[in-house]
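Structure record follows, encoded as structure tokens.
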Amino acid sequence: MTRRHVMEFERPLVELEAKLGELRQLDLTANPELAAEVAALAVEIEALRESTYADLSAWDRVQISRHPDRPKAQDYLAAIFTDVVELHGDRCYGDDEAIVAALATIDGRRVAVLGHRKGKNTRENIARNFGMAHPEGFRKAMRIMRLAEKFGLPLVTLIDTPGAFPGIEAEERGQAWAIAESLALLSGLRVPVVAVGIGEGGSGGALAIGFGDRLIMLENSYYSVISPEACASILHKDAGKAAEVATCLAMTATDLVGLGIVDEIIPEPVGGAHRDPGEVFGAVRGRVSEALKALSGRDPDELVSMRYAKLRAVGVIEEVQG
Amino acid sequence: MTRRHVMEFERPLVELEAKLGELRQLDLTANPELAAEVAALAVEIEALRESTYADLSAWDRVQISRHPDRPKAQDYLAAIFTDVVELHGDRCYGDDEAIVAALATIDGRRVAVLGHRKGKNTRENIARNFGMAHPEGFRKAMRIMRLAEKFGLPLVTLIDTPGAFPGIEAEERGQAWAIAESLALLSGLRVPVVAVGIGEGGSGGALAIGFGDRLIMLENSYYSVISPEACASILHKDAGKAAEVATCLAMTATDLVGLGIVDEIIPEPVGGAHRDPGEVFGAVRGRVSEALKALSGRDPDELVSMRYAKLRAVGVIEEVQG
Amino acid sequence: MSISDWFKAREARRYTAVNGERVAGDVPDGVWNKCSSCKRIVYEGQLVANLRVCPYCGNHFDLTAFERIDLLADPGSFAEFDAGVGSTDPLGFVAAKPYTVSLESARERSGLTEGVVVGRATIGDHPVVLGAMDFRFIGASMGSAVGEKIARSFEVATSERRAVVLCTASGGARMQEGMLSLMQMAKTSAAARRLAEARLPYISVLTNPTMGGVTASFAVLADVVLAEPGALIGFAGPRVIEQTIKQHLPKGFQSSEYLLEHGMVDEVVVRGQLTARVTTLLGYLAGGGEQA
Amino acid sequence: MSISDWFKAREARRYTAVNGERVAGDVPDGVWNKCSSCKRIVYEGQLVANLRVCPYCGNHFDLTAFERIDLLADPGSFAEFDAGVGSTDPLGFVAAKPYTVSLESARERSGLTEGVVVGRATIGDHPVVLGAMDFRFIGASMGSAVGEKIARSFEVATSERRAVVLCTASGGARMQEGMLSLMQMAKTSAAARRLAEARLPYISVLTNPTMGGVTASFAVLADVVLAEPGALIGFAGPRVIEQTIKQHLPKGFQSSEYLLEHGMVDEVVVRGQLTARVTTLLGYLAGGGEQA
Ligand SMILES: [Zn+2]
Ligand SMILES: [Zn+2]
């Protein structure tokens, strides 16, 4: 796969790689000096590659999480699930393509799957609104949650959205209401729920289907109360300070394990999941299966109590005065 | 109240009444012959009045049920309920004014009320779509049904609609789905349900909120699978045969008691409920209160079983062959 | 009626489908059909081999109830119940022609007692109650008998812990039974609710056409609602809507695909994949998941 | 969400209310206010007598949490709990200014520890947990402490079988607490659900403004959702929407009245009738109906 999309932080590396590529087109046998130079460049590139990806900042990871070639929910559905039956519609207004809902099988276990769904090209992205759901998307998700509960199917959710869509129609049809109802429903769902952050975790639109008995995140996915750009433009009046703000917001998988919100991190190939999707699919399949196995057979009351206790524990407070 | 709307079958009577009215403007003391004629006319009118209203056909009753001055759901809410709090919206798309939903008190008993709501003038009728609900109206009704069930409030419904609205948007937003879900919900609602036919009972749109543990009908209300006009134009290709078809369809309160669908009939003043709304309000209040009292304190399981048995018994079949 | 009987019954008639006109010809098969959509001639043999889907344009011809059952049920698994339950004429309904005459001629023409056939069966080895409506029978409109058979289907499934699979096709309520017909909407919906409360799966397959009181009751109360391509599905009929709103309807209005877009059905499934799809779904819903 | 925009703008102006400018004057009352809607001068005494509603145009000025509680609770019945629960700065958040500074100055200015005040009370003799958010406190944004106090409110009510009445006003999630803040949406919604499962009533009163993560969680999960006239209520802020869709918003967009029309709130209630309305509703919902 040729990389079409270059992220800011890897640009120096990519430029050098391009130069090396050009040099390698030349006939170096006639020019041993140049050949030595090329060899040196290759070494230099290796070192740069290592340092580039060794210590990614929050903002770097945000770039990776948004990489157009990053595997999407539908890729996971195709790669790690079998017997996938996509279900459509909220039975009320429409079928929001920004949310995918399916019955599917993972490692022999039947589950329901919900995910945010981005497109892979402009046409798809327009149809799917860049993965930003309208209320009918969350209502479709709720319908499938209820279906899963009714038939005792564990729920797997795949989180990958910049956020719920901020638009006139979305507000008119009750964006806030749909998200709130989804949160309440998911919090009390009487089947195991495993949520996996696979890309962007943008605010309430992510959270609506984005928590459960286990919250797993890919190494370069993010989960945040607000996008770093929006936060920077509010607090600094300067969206350019997004990189700085991204660190402040503690939105990486590692940050969130530290805050007790995320349970585990799935490492990605060097450079991000798009560099070797197959490896990532394998890892996600394994972790999700393990999580489902661990949750299997639990009494639903116990499951719901544990989930509540988990949610209930999130937050840092103090008693300021008597 | 002056009658502005004259129904077909009472036209001869109304014309004579008008003539009598004119005659009575004259000074009859100077003309004893004329006075005698007037007295005779008055007697004739009384006889005609009696025969006009003595044996109303189904089609006559349909006319009465649609009379613009006939008391509407909102009139009943105002007249026989106290502490009325109207609740709005389906939490999904809109607030359909063709359905009224409220918490209210009747004879000291707290209940939830649902009704079809027609307007009393053109402006109101446009806003309320002539009492023809869209899916959001039925979804509002369902929201209030669930609220009633949650808090143990009996449900009183007031049936008065030509039918669910047949329009593009209504179909798009799932008119059939909304009605079906309402039927299923109402059938299993764990609180007493008393339904009262106060005017038109048009097809699925009426039924969506139009059955329960007791189904009471005003004498001149109707309840039908299809409007007589539509039925006539389908079967006879002639909407003018509506009167004939109305009889065939067995849609009057008396017919429906005979079929085991309706439990009781509330008599109306001669000429229809609009001739003396106060009397009708009193009767409806009394019957609804009695029905609620009779159903009060029942075990919800028993209530739902009885309601199911009641529905289950409706229909006439035979075993044609082995 | 056995499955082989319906073949015979079908041969006795000249038309099997509303949307495919069958014409006697001297071709080897004996009959050929004209596709109502692309207007091409399709030989009977071709059509049967292709599950009565036009090989040229994909138009799904109507199926009779037993053709539908044959398509879905595991071979030899279908055992009809309540075959003799039929409507009578409780209202003495006469308009244009007496209802009794309509009933009688529908019975003669279809070989059925009523507009729906229901029975026990297995689909992909899952025990189900399977029902299919037959549009030839007074438009498979729902009167007392159709309502009764549908309600009993849900009840049998509830008590025997079977799934329910219903293939709908109907013009709506059967107006010749007046309010008895309307009330079947509440009755069947109530029965469907009891199945749902027992956490048993219900899959409906909406086929052309499914309208009025059938759509607005049990047909859409399924856990998963499937539809055949190009089926007309809705509450009000297109003509009624046009007369009411005094404008023309958009192209494709009330089609399966239109309803999918508007969030009302789960999937539009071509006939050739229907049985596999229903089987897969039963695997999920009747497979006995985690206890909830 | 532009929480701190609201906040900063207000700080710069020395307002008590976003929609009512209070100005020192030499009138007997000592202060007078300029109505943000009709721009008229309203004396403080007038305003207090009129529940801080502009006597000229009906504009509902913001109330502080304790003003709101005073309005709703039976006199003397309110007993605050968790008054000392406050947010800390778990992320060491610094942007423009440190979060600790924002917290400190909010506490100083408001006299509150956090953006919501909660306690036990009676309303029309009905035992309730009553809460009111105070927009002066960092836009009553929901961080760990606000989320905790809301969750505890539902828990106290659930265990003591009280109704819950919450008056909301909030810019949304408190971004200075990052994901800890976002998760409060799930936490408060989960607590609200448990109250609902216990069949205890919850009435919310949405006041100006109620936005973002507060609207999209506990605020709208009530059995009955009331709103004050003219309040701005929604998920995304108007500016964010305009920037996203690149067009101007319709007049009245996201107002209480607009949301009523779109089916999202049960009733828009003027402040003078609010207490009576809540009392009546509690009569219905907390009155102990038929057993279900
Ligand atoms: Zn064709
Ligand atoms: Zn003013």
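Labels below follow one simple rule: chain letters A, B, ... track the order of the sequence lines, proteins then strands, and each chain is numbered from 1.
- Between D:Glu148 and A:Arg312, at least one side-chain N (NZ, or NE/NH1/NH2) sits under 4.0 Å from a carboxylate O, which counts as a salt bridge.
- The greatest number of non-hydrogen atom pairs below 4.5 Å with chain D, out of A:Ala176, A:Gly315, A:Gly174, is found for A:Ala176.
- Taking chain A as the reference chain and counting heavy-atom pairs below 4.5 Å, the highest number among D:Leu182, D:Asp89, D:Leu221 is found for D:Leu182.
- D:Ala192 does not touch chain A: none of its heavy atoms, backbone or side chain, sits under 4.5 Å away.
- Within the 4.5 angstrom heavy-atom criterion, atoms from both the backbone and the side chain of A:Leu185 approach chain D.
- Ion pairing between A:Glu229 and A:Arg66 holds under the 4.0 Å rule for side-chain N and carboxylate O.
- Using a 4.5 Å cut-off between heavy atoms, A:Leu256 touches chain D through its side chain atoms alone.
- For D:Ser87 and D:Glu177, the side-chain atoms include at least one donor-acceptor pair closer than 3.5 Å.
- A:Ala208 does not touch chain D: none of its heavy atoms, backbone or side chain, sits under 4.5 Å away.
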Inset, instruction - Please assess D:Phe154 against D:Tyr202 for the test ring-ring contact (aromatic ring centres under 6.0 Å, His included), listing each intermediate value before the final yes or no. - result: CA-CA 9 Å; D:Phe154 287 117; D:Tyr202 167 28; 5.0 Å; yes
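- Residue D:Gln184 touches chain A through its side chain alone, counting heavy-atom pairs closer than 4.5 Å.
- Heavy atoms of D:Tyr258 lying under 4.5 Å from chain A belong exclusively to its side chain.
- Heavy-atom distances place both the backbone and the side chain of D:Ala191 under 4.5 Å from chain A.
- Proximity of D:Gln176 to D:Leu103: side-chain heavy atoms (C-beta onward) are nowhere separated by under 4.5 Å.
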Inset, instruction - Please report the C-alpha distance between D:Met264 and D:Val220 in whole Å, then the side-chain angles of each, then the deciding distance to 0.1 Å, and finally whether the side chain to side chain contact (heavy atoms under 4.5 Å, CB included) criterion is met. - result: CA-CA 9 Å; D:Met264 298 300 152; D:Val220 302; over 6 Å; no
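- Looking at A:Arg173, the atoms closer than 4.5 Å to chain D (heavy atoms on both sides) all sit in the backbone: N, CA, C or O.
- Side-chain contact annotation: A:Asp60 with A:Ser57, donor-acceptor N/O pair under 3.5 Å present.
- Among the candidates A:Gly260, A:Gly188, A:Gly204, A:Ala232, the residue making the largest number of heavy-atom pairs closer than 4.5 Å to chain D is A:Gly188.
- Contact tally against chain D (heavy-atom pairs below 4.5 Å) for A:Arg307, A:Glu244, A:Glu181, A:His236: the top residue is A:His236.
- Among A:Ala178, A:Ser182, A:Ser203, the residue with the largest count of heavy-atom pairs under 4.5 Å with chain D is A:Ser203.
- Considering only heavy-atom pairs separated by less than 4.5 Å from chain A, the leading option among D:Ile233, D:Leu259, D:Thr244 is D:Thr244.
- Only the backbone of A:Ser224 comes within contact range of chain D, with at least one heavy atom under 4.5 Å from a heavy atom of that chain.
- Considering only heavy-atom pairs separated by less than 4.5 Å from chain D, the leading option among A:Lys241, A:Met251, A:Gln175 is A:Gln175.
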Inset, instruction - Kindly determine whether A:Cys248 and D:Leu91 satisfy side chain to side chain contact (heavy atoms under 4.5 Å, CB included), including the steps that lead there. - result: CA-CA 7 Å; A:Cys248 266; D:Leu91 308 186; over 6 Å; no
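- The residue among D:Gly143, D:Ala186, D:Gly92 with the most heavy atom pairs within less than 4.5 Å of chain A is D:Ala186.
- Contact record, D:Met142 with D:Ser217: CE-OG, 3.7 Å, taken as the closest heavy-atom pair.
- For a residue to count as touching a neighbouring chain, one of its non-hydrogen atoms must lie under 4.5 Å from one of that chain's; by this rule A:Leu249 touches chain D with backbone and side chain alike.
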Inset, instruction - Please assess D:Leu180 against A:Val314 for the test side chain to side chain contact (heavy atoms under 4.5 Å, CB included), listing each intermediate value before the final yes or no. - result: CA-CA 7 Å; D:Leu180 292 171; A:Val314 178; 4.0 Å; yes
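- If you check the side chains of A:Glu318 and D:Thr88, you find no donor sitting under 3.5 Å from an acceptor.
- For the pair D:Arg152 and D:Phe81, the cation-pi test (distance below 6.0 Å, angle within 45°) is failed.
- Interface remark: of the candidates D:Lys187, D:Gln254, D:Glu242, D:Glu261, D:Lys187 forms the most heavy-atom pairs closer than 4.5 Å to chain A.
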Legend entry - Working for salt bridge (Lys or Arg N to Asp or Glu O under 4.0 Å), residues A:Arg117 and A:Glu124: CA-CA 10 Å; A:Arg117 177 163 52 185; A:Glu124 278 187 6; over 6 Å; no
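- Contacts of D:Glu114 with chain A are absent, with no heavy-atom separation under 4.5 Å from either backbone or side chain.
- Of the two parts of A:Tyr308, only the side chain, counted from C-beta on, holds a non-hydrogen atom closer than 4.5 Å to a non-hydrogen atom of chain D.
- For D:Gln247, the part sitting under 4.5 Å from any heavy atom of chain A is the side chain, from C-beta outward, and nothing else.
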